[in-house]
There are 2 protein chains.
Amino acid sequence: MRLAKQTILRLFQYREFLILAKSIGIKNVYSDTLAEALGSSATQVRKDFSLFGITGNKRAGYQLDDLLSQLNELLGKNEKQKVIIAGAGNLAKALMQYEGFKKEGIEIVALFDNDPVKCDPQNDPPILPIEDLYNFVSEKQVELGVIAVPYYVAQQILDLMIVAGIKGVLNFAPIYLKAPKDFFINDMNLRLELETVAYLIKTRTKAGVHKESS
Amino acid sequence: MRLAKQTILRLFQYREFLILAKSIGIKNVYSDTLAEALGSSATQVRKDFSLFGITGNKRAGYQLDDLLSQLNELLGKNEKQKVIIAGAGNLAKALMQYEGFKKEGIEIVALFDNDPVKCDPQNDPPILPIEDLYNFVSEKQVELGVIAVPYYVAQQILDLMIVAGIKGVLNFAPIYLKAPKDFFINDMNLRLELETVAYLIKTRTKAGVHKESS
DNA sequence: GCTATTTTGTGAATATATTCACATTAAAAA
DNA sequence: TTTTTAATGTGAATATATTCACAAAATAGC
């Protein structure tokens, strides 16, 4: 279930940085370079690599192309991952425009919405009625979904996705969704994330830091 | 800096659930109820409460109103937290519509954008040019921001926010932002989060789980 | 009012993640 | 060549988070 999500997230961040670095002609990097770029620590970087068997060169650091291909092999760069989005509202639009969402291995193949006005099968990607979700997903073998519908329909949309063959989702509905144990849900509760920042600001500014376990 | 973000996030989730539960007439809950509702464990719930000095009643669980007011006191329900959003694109629109974003302690007081076409001071909340950010924030004493601008302007917007008096942000720009240590940044890299799900699906389905440290 | 039951609260144990410390190695300098 | 230097790679130590196990308390039943 949980399974080192943070570590994997960092590996993706390393790769992202390397792609950028490569594009401006950098040929080799150090654990220190990566740490600096991502606000992490050099040890953390090396430990992450060590954990996945990624190696560099002592004294000379990491040869960029080599490191990048090691990461690519690990993270599976080649195959494009198809994804559907349930809910064709502003969030879906935002995701479609999000920096680099389309390139880099992710392809939004369809949106689904139960509002006929929003549907448009001619659009690219097509915006289809929810009724089509099952057939579309099972035919096209899509395994990845995004839930961007109101919370009160989120569970039923998820259930539909599961039977259609989706294996994991990024969920923006602010609600706890039930799913089989081998189904992966990554919850993004944007309001809670913002409230958390608000809380931390408040408590920190009053010299605070919350009560520690005594 | 980091500071138990997850724990605080859970506390907010508890509160959210309690508000909902109260609205349908529930009078008391057990750690088990909360765990079930959020996909957590009863021990985790009680440990969280214990850490913050929140207490219930043995055998009878938690009296809902009482628990809610304890959480409110801790999380600071009363004061509305003002927030500004930099970038008036789809993401900002999505946030404005996000379930319950407006009620529950968060008030979006202004959006800022450098595209004159998007600006509209008459809108509620007003959409203002970036140039007005400093004055607006410092006058209105806003401490919380959201960064929803393209990554290549994110750092300069953040710098502007910092001098204007913002104390923490929710950052959607997929880039590592530099800020003073006492400034709180909560990074939401939506693409990486989605890629992480994609990765976990791929590795899990091939009976996988990534290589363990040997 | 006594007993059985259920639930809290928490120290101890475990699991997970991060950092430290340093041996090892490759390159650069002498 | 030999020495110095700057980097990796990783076991051990630490820190953090979660789960276990169970004593203590309150309620319900008898």
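By convention in this document, chain letters (A, B, ...) are assigned in the order of the sequence lines, proteins followed by strands, and residues within each chain are numbered from 1.
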**Between D:dG9 (P) and A:Gln44 (CD): distance, integer Å** = 15 Å
**Request:** Give a yes/no answer on whether the side chain of A:Tyr62 brings an N or O atom under 4.0 Å of OP1 or OP2 in D:dG9.
**Result:** yes
**A:Glu143 vs B:Lys202, salt bridge (charged side-chain N to carboxylate O under 4.0 Å, His left out): CA-CA, chis, key distance, verdict** = CA-CA 9 Å; A:Glu143 296 187 324; B:Lys202 257 185 301 183; over 6 Å; no
**Prompt:** What's the CG-P distance between B:Asp32 and C:dG9, to the nearest Å?
**Reply:** 14 Å
**Asked** The side chain of A:Asn57 lies closest to which of these nucleotides: C:dT10, D:dT18, C:dA26?
**Response** C:dA26
**Asked** With side chains defined as the heavy atoms from C-beta onward, is the minimum distance between A:Tyr14 and A:Val45 less than 4.5 Å?
**Response** yes
**Request:** Report the nucleotide, chosen from C:dT8, D:dA17, C:dT5, that has the shortest atom-to-atom distance to any side-chain atom of B:Lys58.
**Result:** C:dT8
**Minimum-distance nucleotide (side-chain atoms of B:Ala60 versus D:dT27, D:dG9, D:dC20)** = D:dT27
**Request:** Determine whether any donor atom in the side chain of B:Arg59 lies under 3.5 Å from an acceptor atom in the base of C:dT5, or the reverse, and answer yes or no.
**Result:** yes
**Message:** From C-beta outward on A:Lys47, which listed nucleotide comes closest to its side chain: D:dG11, C:dA17, D:dT18?
**Reply:** D:dG11
**Message:** Please classify the nucleic acid contact of B:Ser31 as base, sugar-phosphate, or nothing, using heavy-atom distances under 4.0 Å.
**Reply:** sugar-phosphate
**Prompt:** NA contact type, B:Thr7, heavy-atom cut-off 4.0 Å: base, sugar-phosphate, or nothing?
**Reply:** nothing
**Request:** Would you indicate, yes or no, if C:dT8 has its OP1 or OP2 atom less than 4.0 angstrom from a side-chain nitrogen or oxygen of B:Arg46?
**Result:** yes
**Prompt:** When you check the phosphate oxygens OP1 and OP2 of D:dT18, does a side-chain N or O of B:Arg10 lie under 4.0 Å from one of them?
**Reply:** yes
**Prompt:** OP1 or OP2 of C:dT18 sitting under 4.0 Å from any side-chain N/O of A:Thr43?
**Reply:** no
**Asked** Between B:Ser138 and B:Tyr134, is there a donor-acceptor pair closer than 3.5 Å when you use the side chain of the first and the backbone of the second?
**Response** yes
